[in-house]
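Accompanying notes for the structure given below.
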Amino acid sequence: MAKKILFVNQEMTPYVPETELASKGRQLPGAMQERGLQIRTFMPKWGTINERRGQLHEVQRLSGMNVVIDDTDHPLLIKVASIPQIRLQVYFIDNEDYFTRRKMTEDEAGEEYPDNGERAIFFARGVLETVKKLRWTPDVILCQGWMAAAIPIYVKTAYHDEPTFNRAKVVTSLFEKQIKGDLGTKFKKCLEYKSANASLLKPYNEKFDFLELGKLAIDYSDGVVEAGQDISPELISYAKGSGCPYLEHQEGDPTDAYIDFFNKLAPDAE
């Protein structure tokens with residue numbers, strides 16, 4: 001049976017402007033699907049995405065759940081579209097408070113949204129709840145971008161006993177710095193969910209910034225990929241020092257190297 005790979009992407013072309021992260025968000029799942037792997041791909045439904053042009057439509061059977069963050073209910077909307085050139089289906093996590101009328105990291109004035117941390121938490125839990133509803137069991141979960149950084153701790157704690165995720169290997173991709181400021185003092189409190197409790201967050205600074213978020217993702221991952229250019233040397237050093245299996249940056253098409261890396265992490269899933 002073909003290995004199942006869940007891509008949790010912050011960005012993907014053609015839905016957002018091209019960046020190194022957005023290009024990998026599209027290129028890797030498409031190339032792996034061509035090689036016969038089973039793929040599911042998720043990203044946030046940023047407010048800048050034109051739903052008509054992208055031919056997004058809501059999936060009623062998956063929508064309708066609420067995600068509680070800081071004692072507030074936030075409705076979860078799931079939309080879907082496909083990239084016809086590579087026959088790849090993309091699921092979008094949407095919510096009126098966090099995404100519908102908002103840009104990506106910064107507002108129109110160039111200021112980072114003060115609740116970016118909550119947005120990442122909503123996205124992570126929204127992805128995991130939706131995958132459960134799909135009844136699809138990934139062998140490997142690849143997290144690309146800071147918006148996906150809460151996925152590893154949730155998979156290894158709050159969702160560990162779920163049959164959907166209890167055998168999944170989680171891989172974090174390292175890219176260049178994507179947020180300048182911090183996620184505020186409420187991030188730890190908002191992150192708590194089931195067994196992802198406060199005691200697990202004591203080793204980290206009260207204020208989560210891009211570096212601290214990267215450390216959290218690495219600590220709960222089964223593998224780390226050096227995916228981009230200009231990555232923080234401190235984050236690379238932290239990842240290599242963690243003892244976690246590490247894939248160095250690949251020149252050219254990295255698809256085969258990723259697949260080999262995934263096969264070593266999850267050999268029984270081949």
Side-chain angles (χ1 to χ4, degrees), residues 3-13 15-16 18-33 35 37 39-44 88 90-91 93 104-105 120 123-124 127-128 131 138-156 165 168-179 208-266:
K3 194 177 256 75
K4 299 176 182 177
I5 313 298
L6 172 61
F7 283 84
V8 187
N9 292 329
Q10 177 177 304
E11 305 170 25
M12 285 182 71
T13 56
Y15 303 107
V16 302
E18 187 164 344
T19 62
E20 188 174 38
L21 180 55
S23 295
K24 276 210 168 65
R26 169 179 169 143
Q27 179 264 328
L28 280 171
M32 289 189 186
Q33 186 167 263
R35 286 161 170 78
L37 281 73
I39 302 297
R40 292 288 184 277
T41 305
F42 283 78
M43 71 172 286
L88 183 70
V90 182
Y91 291 92
I93 299 295
M104 292 175 63
T105 308
F123 175 62
V127 168
L128 297 174
V131 174
D139 301 305
V140 176
I141 302 172
L142 181 63
C143 305
Q144 302 199 99
W146 71 268
M147 279 292 292
I151 290 281
I153 188 172
Y154 282 141
V155 170
K156 297 302 181 182
F165 302 111
K169 301 298 183 183
V170 186
V171 178
T172 287
S173 291
L174 302 182
F175 287 89
E176 66 180 349
K177 190 174 183 179
Q178 296 146 8
I179 49 176
F208 265 72
D209 56 12
F210 186 76
L211 185 63
E212 207 71 3
L213 203 56
K215 291 177 180 179
L216 176 72
I218 290 165
D219 286 344
Y220 288 89
S221 291
D222 299 290
V224 178
V225 175
E226 191 177 312
Q229 309 278 357
D230 302 318
I231 301 168
S232 160
E234 187 175 347
L235 210 52
I236 291 174
S237 176
Y238 186 87
K240 290 183 174 180
S242 71
C244 200
Y246 189 91
L247 180 64
E248 302 277 354
H249 184 263
Q250 304 291 306
E251 297 295 336
D253 182 356
T255 308
D256 289 335
Y258 273 64
I259 292 173
D260 289 343
F261 190 62
F262 293 167
N263 285 338
K264 289 174 183 173
L265 290 176

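These numbers were taken from a predicted model, which means no experiment stands behind them.
Cation-pi geometry between Lys156 and Tyr220 is not met at under 6.0 angstrom from the ring centre and within 45 degrees of the axis.
For the atom pair CG (Leu174) and CD (Gln144), the distance works out to 11.0 Å, reported to the nearest 0.5 Å. In this structure, Leu28 CG and Thr255 OG1 are separated by 5.5 Å, a value rounded to the nearest 0.5 Å. A distance of 6.5 Å separates CD1 in Ile151 from CZ in Phe123, rounded to the nearest 0.5 Å. Between the CG atom in Leu211 and the CG atom in Leu216 there is a gap of 11.5 Å [rounded to 0.5 Å]. Residue Asn9 holds its CG atom at 7.5 Å from CG of Leu142, rounded to the nearest 0.5 Å. For the atom pair Ile39 CD1 and Phe7 CZ, the distance stands at 5.0 Å (nearest 0.5 Å).
Looking at Ile5 and Tyr258, their side chains never come closer than 4.5 Å, going by heavy atoms from C-beta outward. Leu6 has its side chain within reach of Phe42: a pair of non-hydrogen atoms, C-beta onward, lies under 4.5 Å apart. Side-chain atoms of Asp256 and Arg35, non-hydrogen and from C-beta on, do get closer than 4.5 Å to each other. Put simply, the side chain of Val8 reaches to within 4.5 Å of the side chain of Ile141, judged on heavy atoms. For the pair Thr41/Tyr91, no side-chain contact is recorded, criterion being any heavy-atom separation below 4.5 Å from C-beta on.
The closest donor-acceptor contact from the side chain of Asp209 to the backbone of Glu212 lies under 3.5 Å. Distance alone, capped at 3.5 Å, places no donor-acceptor pair between the Arg26 side chain and the Ala22 backbone. With Gln27 contributing its side chain and Gly25 its backbone, the two residues share no donor-acceptor pair below 3.5 Å. Panel note: side chain Asp139, backbone Lys4; a donor-acceptor pair is recorded below 3.5 Å. A donor-acceptor pair under 3.5 Å is absent between the side-chain atoms of Glu20 and the main chain of Gly228, judged by distance alone.
Between Asp222 and Cys244, the shortest heavy-atom contact is C-SG, 3.4 Å. What you find for Val140 and Ala266 is that their closest heavy atoms are CG2-CB, 4.2 Å. Summarising the geometry of Ser242 relative to Ala239, their closest heavy-atom pair is OG-O, 2.6 Å, with the distance given to 0.1 Å. Residues Trp146 and Ala120 share a closest heavy-atom pair of CZ3-CB, 3.8 Å. What you find for Val16 and Glu11 is that their closest heavy atoms are CG2-CB, 3.7 Å. In plain terms, the two heavy atoms of Gly223 and Leu265 that are nearest each other are CA-CD1, 4.2 Å.
A side-chain hydrogen bond (donor to acceptor under 3.5 Å, both in side chains) check over residues 226-235, counting only residues at least two apart or in different chains, returns the pairs Glu226-Tyr246. Among residues at least two apart or in separate chains, side-chain hydrogen bond (donor to acceptor under 3.5 Å, both in side chains) pairs with a member in residues 169-179 are Thr172-Ser221.
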Chi angles and distances behind the side-chain contact (heavy atoms from CB on, under 4.5 Å) call for Val171, Phe262: CA-CA 9 Å; Val171 178; Phe262 293 167; 4.0 Å; yes
Verdict with reasoning, Phe175 to Gln10, per side-chain contact (heavy atoms from CB on, under 4.5 Å): CA-CA 11 Å; Phe175 287 89; Gln10 177 177 304; over 6 Å; no
Leu88 vs Met12, side-chain contact (heavy atoms from CB on, under 4.5 Å): CA-CA, chis, key distance, verdict: CA-CA 12 Å; Leu88 183 70; Met12 285 182 71; 4.0 Å; yes
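Looking at Glu18 and Ser23, their side chains do bring a donor and an acceptor atom within 3.5 Å of each other. Side chains of Asp219 and Tyr238: a donor-acceptor N/O pair is present below 3.5 angstrom, by distance only.
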